[in-house]
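Read through the structure below, which is laid out as structure tokens, and then see the notes.
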Amino acid sequence: MEPLGAEFFLKSTHLLARDLLGKVLVQGDVGGRVIEVEAYQGPSDRAAHSYGGRRTRRTEVMFGPPGTAYVYLIYGMYTCLNVVSAEAGSPEAVLIRALEPIFGVEKMASRRLAKGPLASGPGRLTQALGITLSFNRHRLWCPPLYLADDGYVLEASRVAQGPRIGVAYAKEAAGFPWRYWIQSHPLVSKG
DNA sequence: GTATGGATCCTT
DNA sequence: AGGATCCATACG
């Protein structure tokens with residue numbers, strides 16, 4: 001499967017979030033379809049790490065070019081994968097929240113110690129794909145970790161939208177309907 | 001320098 | 001319902 005080109009990522013954060021649904025995330029010999037994402041709209045979004053334009057060692061990657069991976073450690077034991085979006089200098093990103101496993105499923109299972117969904121949930125999918133902090137700043141059109149289009153067509157009417165998960169602390173931003181998923185897909189993560 | 005809590009997941 | 005586990009961030 002061919003990687004999407006760098007130009008695929010150059011669009012608004014919400015358009016990219018929508019367009020990532022249905023694409024395939026590949027890591028080496030393992031891959032799955034993106035079925036759930038969340039948009040983090042930078043300085044104006046209280047739930048975003050870059051809220052208020054905060055520019056630190058951790059958030060620096062969000063200021064980089066679109067299509068760059070932003071991988072960070074959460075709760076001391078899991079990682080989350082984001083796709084940097086918008087033009088360079090605009091610190092926005094799309095969090096990948098769930099995948100439908102497509103190939104290399106046995107290998108994914110072997111990386112997941114616990115019972116439970118293989119790749120539904122941001123921490124679970126990075127574990128299943130072996131995405132560690134070393135992939136931070138990786139360009140997502142370069143193997144081994146890249147996004148691809150396998151011809152799957154997602155009708156606009158099948159895209160559902162609602163509040164993001166785990167951002168109750170973010171005051172007014174907590175209710176923004178910036179989580180997108182494939183309607184009625186059984187492997188979308190639970191809030 | 002210390003304190004706090006998180007874009008989560010697992011087990012009881 | 002609570003614990004794991006540790007770094008980024010805020011504050012002094």
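Chain identifiers are assigned alphabetically (A, B, ...) following the order of the sequence lines, protein sequences preceding nucleic acid strands; residue numbering begins at 1 within each chain. As a basis for the values below, the full set of heavy atoms in this structure was taken, side chains included, without hydrogen atoms, waters or symmetry mates.
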### Message
Under the criterion side-chain contact (heavy atoms from CB on, under 4.5 Å), I'd like the reasoning laid out for Y40(A) against V167(A): C-alpha separation, chi angles, the key distance, then a yes or no.
### Response
CA-CA 11 Å; Y40(A) 284 85; V167(A) 297; 3.7 Å; yes

#### Entry: side-chain contact (heavy atoms from CB on, under 4.5 Å) assessment of L16(A) paired with F9(A)
CA-CA 7 Å; L16(A) 181 63; F9(A) 302 95; 4.1 Å; yes

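Residues from residues 78-89 of chain A placing a heavy atom under 4.0 Å of any atom in DNA chain B, listed by number, are Y78(A), N82(A). A heavy atom lying under 4.0 Å from DNA chain C marks none of the residues of residues 110-134 of chain A. Taking a 4.0 Å limit (strictly below) on heavy-atom distances, residues 53-68 of chain A does not reach DNA chain B anywhere. DNA chain C is contacted by no residue of residues 170-188 of chain A, taking any non-hydrogen atom closer than 4.0 Å.
Between W178(A) and F176(A), the ring planes are tilted. Angles from 30° to 60° get that label. Between H49(A) and Y72(A), the angle of the ring planes goes over 60°, which puts this pair in the perpendicular group of the 30/60° scheme.
Note that CH2 of W181(A) is 10.5 Å distant from CG of L21(A), once rounded to the nearest 0.5 Å. Rounded to the nearest 0.5 Å, atoms OG (S184(A)) and CZ (R158(A)) are 6.5 Å apart. Here the straight-line distance linking atom CD of Q161(A) with atom CD of E38(A) works out to 11.5 Å at 0.5 Å rounding.
Q27(A) is linked by a side-chain hydrogen bond (donor to acceptor under 3.5 Å, both in side chains) to nothing, counting only residues two or more places apart in sequence or in another chain.
A donor and an acceptor atom, one from each side chain of Q41(A) and H14(A), are located under 3.5 Å apart. Of the N and O atoms on the side chains of S189(A) and S120(A), not one donor lies less than 3.5 Å from an acceptor on the other residue.
V84(A) places none of its side-chain heavy atoms less than 4.5 Å from the side chain of E92(A). The closest side-chain heavy-atom distance from K107(A) to D29(A) is below 4.5 Å.
Base pairing analysis places dT5(C) opposite nothing; no Watson-Crick or G-U wobble pair with both distances below 3.5 Å involves it. The nucleotide dA7(B) finds no pairing partner, because no Watson-Crick or G-U wobble arrangement with both distances shorter than 3.5 Å includes it.
One atom, OH of Y72(A), and another, P of dC6(C), lie 17 Å apart when rounded to the nearest Å.
Annotation for R139(A): atom CZ does not count as buried by contact number, only 12 or fewer foreign heavy atoms lying within 6.0 Å. Within 6.0 Å of the CD atom in E106(A), the count of heavy atoms belonging to other residues, nucleotides or ligands does not exceed 12.
L95(A) comes within contact range of at least one nucleobase, with a heavy-atom separation under 4.0 Å.
Interface limits on DNA chain B: the 5'-most and 3'-most nucleotides within less than 4.0 Å of chain A heavy atoms are dG6(B) to dC10(B).
dG6(B) and dG2(C) have their C1' atoms separated by 16 Å, with the value rounded to a whole Å.
Look at K23(A) and D150(A) and you find no salt bridge, because none of the NZ, NE, NH1 or NH2 atoms lies under 4.0 Å from a carboxylate O.
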